[in-house]
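Note that ligands are numbered from 1 as they come in the structure, with each ligand's atoms numbered from 1 the same way.
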Amino acid sequence: MEQNIPKPDKTFTDMKDLMRLKSLIATDIEMVLNVQIKMEAHNSAVYLALASWCDRNGFDNSADHFYKQSEDERMHMMRFFKYVADMGGTAVSPSVDNIPQEFESFRDTFEAALELEIMTTQAINNIADRCYREKDFVTMEFLNWFHKEQREEEYVARRCLELFEVIGEEGTGRWEIDRQVPKVTYDSEA
Ligand SMILES: [Fe+2]
Ligand SMILES: [Fe+2]
C-alpha cells in the first residue's frame with residue numbers, strides 16, 4: 001500500500017503557506033511599501049526645511065504652506081505604515097538623512113516642492129505596477145487614495161510655481177506671490 005509520506009517540496013510549500021498566514025502581503029510588496037514609508041518621511045523633512053527657509057527669509061504664508069505640507073507627508077507615511085502593520089507585515093520606522101537646508105531663492109523652494117511631488121507620483125505608480133504584476137489587488141486598491149492625493153499635490157505645486165510667471169518677481173512681486181500661495185487649492189469632484 002502506498003504510504004502518504006510528504007515530499008520535501010511539499011514541506012516547503014507548507015512553510016510558505018504558514019508565512020502566508022502571518023502576512024497578507026508578499027515579501028517584496030512589503031519591502032517596496034517600506035521604501036515608500038521612508039520616502040514619505042523624507043518628504044515631510046524636506047517640507048520642514050522649505051518652511052524653515054521661507055520663515056527666515058520673511059515669506060510667512062509660504063512657510064505656513066510648507067509646514068502644512070510637511071504634516072500631510074507625515075500623514076501619508078502613517079497611512080503606509082499602518083497598512084503594512086495591519087497586513088501582518090513589519091513596518092520599519094524610517095531613518096531620515098541628507099535633507100537640504102539651504103535653497104538658492106524663493107522660487108527654488110517651490111521648484112524643489114514640485115520635483116518632490118513628481119518623484120513621489122512616479123514612486124507610487126511603480127508600486128502599483130508591481131502590485132498589478134503580482135496580482136496584489138488589495139494593495140492596488142489601497143493605493144487608489146494615493147493616486148488621487150498625488151493629483152492634488154502636483155496640481156498645487158504647479159499652480160504655486162506658476163505664480164512666479166504670472167506675477168513676476170520684480171518689485172513687490174515676491175511679496176505678492178507669498179500673499180497668493182494660501183489661495184492655491186485644488187477642489188475637484190472627479
Ligand atoms: Fe506624500
Ligand atoms: Fe506630497
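- Residues Gln101 and Arg56 share a closest heavy-atom pair of O-NH2, 3.0 Å.
- In this structure, Arg159 pairs ionically with Glu162, as a charged nitrogen and a carboxylate oxygen lie closer than 4.0 Å.
- Within a radius of less than 2.8 Å around the Fe ion (ligand 2), the protein N, O or S atoms are Glu73 OE2, Glu117 OE1, Glu117 OE2, Glu153 OE2.
- Taking 4.0 Å as the cut-off between side-chain N and carboxylate O, Asp64 and Lys68 do not count as a salt-bridged pair.
- Neither Leu24 nor Val92 shares a network with the other; the hydrophobic side chains, linked directly or stepwise wherever heavy atoms of I, L, V, M, F, W or Y lie under 4.5 Å apart, form separate groups for each.
- Under the 4.5 Å side-chain heavy-atom criterion for Ile, Leu, Val, Met, Phe, Trp and Tyr, Phe164 and Trp175 are members of distinct hydrophobic clusters.
- Interatomic distance, Arg174 CZ to Asp178 CG, rounded to the nearest 0.5 Å: 11.5 Å.
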